[in-house]
Structures are given as structure tokens and as C-alpha cells.
Amino acid sequence: MPLFSVITPMYNRAACIGRAIDSVLGQDFTDFEQFVVDDGSTDNSREVVRAYRDPRLRLLEMPANQGVCPARTMGIDAAQGAWILYLDSDDEL
């Protein structure tokens, strides 16, 4: 069970989601899991996330755009960490 679960909701963020993911995966601290929750994107955001091969990173997909709160809830439901950390798709950790 990881110490931290990082949850990143994403909607049409192909241009910047890689920066957010890289900022998490590049941490010296490694006891975490990261969930990127796609909120029904219509661009190639999912493909950007799928290109990563780090086992700590998982892509969750909502069937349609429902908004940031349901996307965060989906991430929370999947999380196993003792602590939850939200990171917006256009931010860096």
C-alpha cells in the first residue's frame, strides 16, 4: 500500500498532462501511486498518458465528461494510499 495517492483529473489536456505526470514521477520520494482520470477527453490526452510505462501510473477513464468532482471521486475510489493528493492537470508537483 503506497503512502500517497496522487489524483489528477484531466479533460482535453494533451498539451500539458505530460508535464504534470513528469513532475510526480520525477520526485525523489517514490512511495506513491498516480491516477490520471480522463473525464471524457476528445483530444489525444489518453494516448499521452498511455505512452508512460511507469507501474505507479494508472489511467482511469470516465465514459463521458462529468466534471472535475466526479473525476476526483473516481480517483479516490481507486486509491490505496494512506494520503490523497490532488494535482490539477496543468500544475506541477
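FYI, side chains are in, hydrogens and waters are out, and symmetry mates aren't considered; it's all heavy atoms of this structure.
Scanning for side chain to side chain contact (heavy atoms under 4.5 Å, CB included) contacts around S23 gives L87, E92, L93, with sequence neighbours left out.
You'll find the side chain of Y86 reaches within 4.5 Å of the side chain of I76, heavy atoms only. In this structure, the side chains of V36 and I17 come closer than 4.5 Å at one or more pairs of heavy atoms. The side-chain heavy atoms of P9 and D39, taken from C-beta on, include no pair separated by under 4.5 Å. F4 has its side chain out of reach of D31: every pair of non-hydrogen atoms, C-beta onward, lies at least 4.5 Å apart. The shortest distance between side-chain heavy atoms of M10 and V49 falls below 4.5 Å. A heavy-atom distance below 4.5 Å is found between the side chains of R56 and L25. Using a 4.5 Å cut-off on side-chain heavy atoms (C-beta onward), E61 and R46 make contact. Residues M62 and P70 meet the side-chain proximity criterion, which asks for heavy atoms closer than 4.5 Å.
Follow the hydrophobic side-chain contacts under 4.5 Å out from L57 and you reach L59 in the same cluster. Hydrophobic clustering of Ile, Leu, Val, Met, Phe, Trp and Tyr side chains at less than 4.5 Å, counting indirect connections, keeps F32 apart from V37. In this structure, F29 is not a member of the same hydrophobic cluster as M1, with clusters built from ILVMFWY side-chain heavy atoms closer than 4.5 Å. Linking ILVMFWY residues whenever their side-chain heavy atoms come closer than 4.5 Å, directly or via other members, leaves L3 and I7 in distinct clusters.
Between the side chain of T73 and the main chain of C69, a donor-acceptor pair closer than 3.5 Å is present. Although no hydrogens or angles enter the test, the distance criterion places no donor-acceptor pair under 3.5 Å between the side chain of S89 and the main chain of R13. Judged by distance alone, the side chain of N44 and the main-chain N or O of E47 form no donor-acceptor pair under 3.5 Å. In this structure a side-chain-to-backbone donor-acceptor pair under 3.5 Å is present from N12 to T42. D43 places a side-chain N or O within 3.5 Å of a backbone atom of A14 that can act as its donor or acceptor partner.
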Check the pair E33 / V6 against side chain to side chain contact (heavy atoms under 4.5 Å, CB included), numbers first and verdict last.
CA-CA 6 Å; E33 61 185 357; V6 181; over 6 Å; no
Residue pair R58, Q34: steps toward the side chain to side chain contact (heavy atoms under 4.5 Å, CB included) verdict:
CA-CA 6 Å; R58 286 188 44 206; Q34 182 178 15; over 6 Å; no
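Between F35 and A79 the shortest heavy-atom distance is CE1-CA, 3.7 Å.
For the residue pair D22 / Y52, a side-chain donor-acceptor distance below 3.5 Å is found, with atom types taken as modelled.
Distance OG/S5 to CD1/I84: 4.5 Å, rounded to 0.5 Å.
Between R72 and D88, at least one side-chain nitrogen of the basic residue sits less than 4.0 Å from a carboxylate oxygen of the acidic one, meeting the salt-bridge criterion.
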